[in-house]
Amino acid sequence: MPSLQSVISCLSDYDPTALPVDQANRIIGEVVEPVRGIEQLPIRSALDRVLAEDIVSTIDVPAHDNSAMDGYAFRSEALAAAQTDTVELEVIGSAFAGGAGALAPTAVQAVRIMTGAVMPAGCDTVVPQEFVETVADGTHIRFAADCVRAGDNRRLRGEDLARGQAALPAGRIVSPADLGLLASLGIAEIRVRRRLRVAFFSTGDELRSIGEPLDAGCVYDSNRYTLHGMLRRMNVELLDMGVVRDDPEALEAAFRMACESADAVITSGGVSVGEADYTKQIMARLGDVTFWKIAMRPGRPMAFGRIGSGEGQEDRQDRDSALLFGLPGNPVAVMVTFYHFVRAALHRLMGANVPPLPLLQVRSAQAIRKKPGRTEYQRGILGRAADGQWEVRITGQQGSGVLRSMSEANCFIVLGHEQDSVKAGDPVEVMLFDGLV
Ligand code: AMP
Ligand code: MG
């Protein structure tokens, strides 16, 4: 992995005290490299895992031209040859799904066919049964020549996937559709990247855990719970290390343990400027760590880097060091920095190739104050206005400690770095929460 210092030294306009969101993400993206471990799994167990290899189709799907409808298969010459506007054909047999399809009708014959059955030799068209009238005790059918065109209701061999065609690329997170696609190719097992193991803990002497009395001046630790939820959605293994006291020895022991057992460690709290605790000092001592003030709101302070337990050798890097994300303490800031920095970094670490989430443009229901020079992630509620248009309004209080704003919201209103204040009715960009994880 390239060192943080080497990546940063290549940037001409690097300012760690007012770092634009995009630049922070670019630096993180260059430092993080995918884990190497791979395992082979039955496809059902591979849901939400990261494909470690391209999947190339070894067969045509479907394997034969087949019928898309219940009806009658025939040669389309019969349409062109029809003297009147009605076509009449002799029925010579039936073709069922799963059969091998031995019938070969002539241009004046048809075969009764079920959905999925192999098209009889020479047939290229299926007339759905609801357009057909049977005549002469069912030995013949009759239908209007204009109710079907040549090639209708036939699925072509290989139209879903042709043999040799790339079906799924390495780096893809396996979806429910992909499981079906793999099954349709007859693939039982696939190679996926090993799961990430992510350690996390909260720092701050004011924090109490659920079940403990809430002493004067204390708050319950909520960040470990939001982190638990966000990490679970990313399908990583969790190592919840609890609340770590603001004590140099306890912090150092926690960081060392995290390095030895996890690929990444996420902490919350203790990275603000002028913070009187030891978190930053220990982070800096254990590795290649930088402390940023990001030009964003909420979520300004953040530590990023790689820490090691000291015993690691180059080729055992995965095991003895961990990527570090020192997130701010404020509960909304934790979620915002997770979604806008950590999520993409973990995707990269797990070898996943995930396209950026779409930003949708909608109308702002109200004026929003904003200063150029920082990116803001306001919590928004997107809904339909009385005129039928989609419109977003902000949840009430936008303070970075107001976690309720994240529960109420269904999207971020993303106000870009250069953007100025928004007037009521102006378009703004939103990022939906659904699909974020
Ligand atoms: P800090 O970044 O450590 O200065 O913390 C900023 C604010 O976030 C303070 O009000 C903390 O009490 C609060 N805070 C820090 N960690 C947590 C946590 N794990 N759960 C809830 N609030 C927290
Ligand atoms: Mg603190």
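In listed order, ligands and their atoms are each counted from 1. Every heavy atom of this structure was used, including side-chain atoms; hydrogens, water molecules and symmetry mates were not. Keep in mind the model is a prediction, meaning the values are calculated, not measured.
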A.B. asks: Ring of Tyr72, cation from Arg112 - is the NZ or CZ under 6.0 Å from the centre and inside 45° of the axis?
C.D. replies: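 Output yes; distance and angle both within limits.
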A.B. asks: Under 3.5 Å between some N or O of ligand 1 and some N or O of Val271?
C.D. replies: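 Min N/O separation from ligand 1 is not below 3.5 Å for Val271.
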A.B. asks: Which part of Val243 is near ligand 1, with near meaning a heavy atom under 4.0 Å away: side chain, backbone, both or neither?
C.D. replies: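 Contact part for Val243 vs ligand 1: neither.
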A.B. asks: Does either side chain, that of Asp124 or that of Ser76, offer a donor lying less than 3.5 Å from an acceptor on the other one?
C.D. replies: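 Short answer, yes.
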A.B. asks: If the contact criterion is a heavy-atom separation under 4.0 Å, does Ser268 count as touching ligand 1?
C.D. replies: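 Yes, that is the case, since the closest heavy atom of the residue is under 4.0 Å from the ligand.
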A.B. asks: With heavy-atom distances below 4.0 Å as the criterion, list the atoms of ligand 1 near Ser272.
C.D. replies: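 Once the distances to Ser272 are compared, the set is 1 (P), 2 (O), 4 (O).
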A.B. asks: State, without any angle test, whether Arg163 and Ser57 hold a side-chain donor-acceptor pair at a distance under 3.5 Å.
C.D. replies: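 The criterion, which ignores hydrogens and geometry beyond distance, is not satisfied for Ser57 and Arg163.
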A.B. asks: Kindly write out the residues that satisfy ring pair (Phe, Tyr, Trp, His ring centres under 6.0 Å) with Phe341, not counting sequence neighbours, or none if the list is empty.
C.D. replies: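 Partners of Phe341 under the ring pair (Phe, Tyr, Trp, His ring centres under 6.0 Å) test: none.
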A.B. asks: Identify, by atom number and element, the atoms of ligand 1 in contact range of Gly270, meaning under 4.0 Å from any of its heavy atoms.
C.D. replies: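 Atoms satisfying the 4.0 Å criterion: 1 (P), 2 (O), 3 (O).
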A.B. asks: Strictly by modelled atom types, are Arg195 and Asn235 linked by a side-chain donor-acceptor pair under 3.5 Å?
C.D. replies: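 On atom types as modelled, these side chains qualify, holding a pair under 3.5 Å.
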A.B. asks: Where's the contact between Ser202 and ligand 1, heavy-atom distance under 4.0 Å: side chain, backbone, both or neither?
C.D. replies: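 The side chain, only.
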A.B. asks: Show which atoms of ligand 1 fall inside a sub-4.0 Å distance from at least one heavy-atom site of Gly269.
C.D. replies: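 Those of ligand 1 that fall under 4.0 Å from Gly269 are 2 (O), 3 (O).
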A.B. asks: Against heavy atoms of Tyr220, which atoms of ligand 1 measure under 4.0 Å?
C.D. replies: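 So the atoms of ligand 1 that pass are 20 (N), 21 (C).
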A.B. asks: Which residues satisfy the ring pair (Phe, Tyr, Trp, His ring centres under 6.0 Å) test with Phe325, sequence neighbours excluded?
C.D. replies: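 Partners of Phe325 under the ring pair (Phe, Tyr, Trp, His ring centres under 6.0 Å) test: Phe304.
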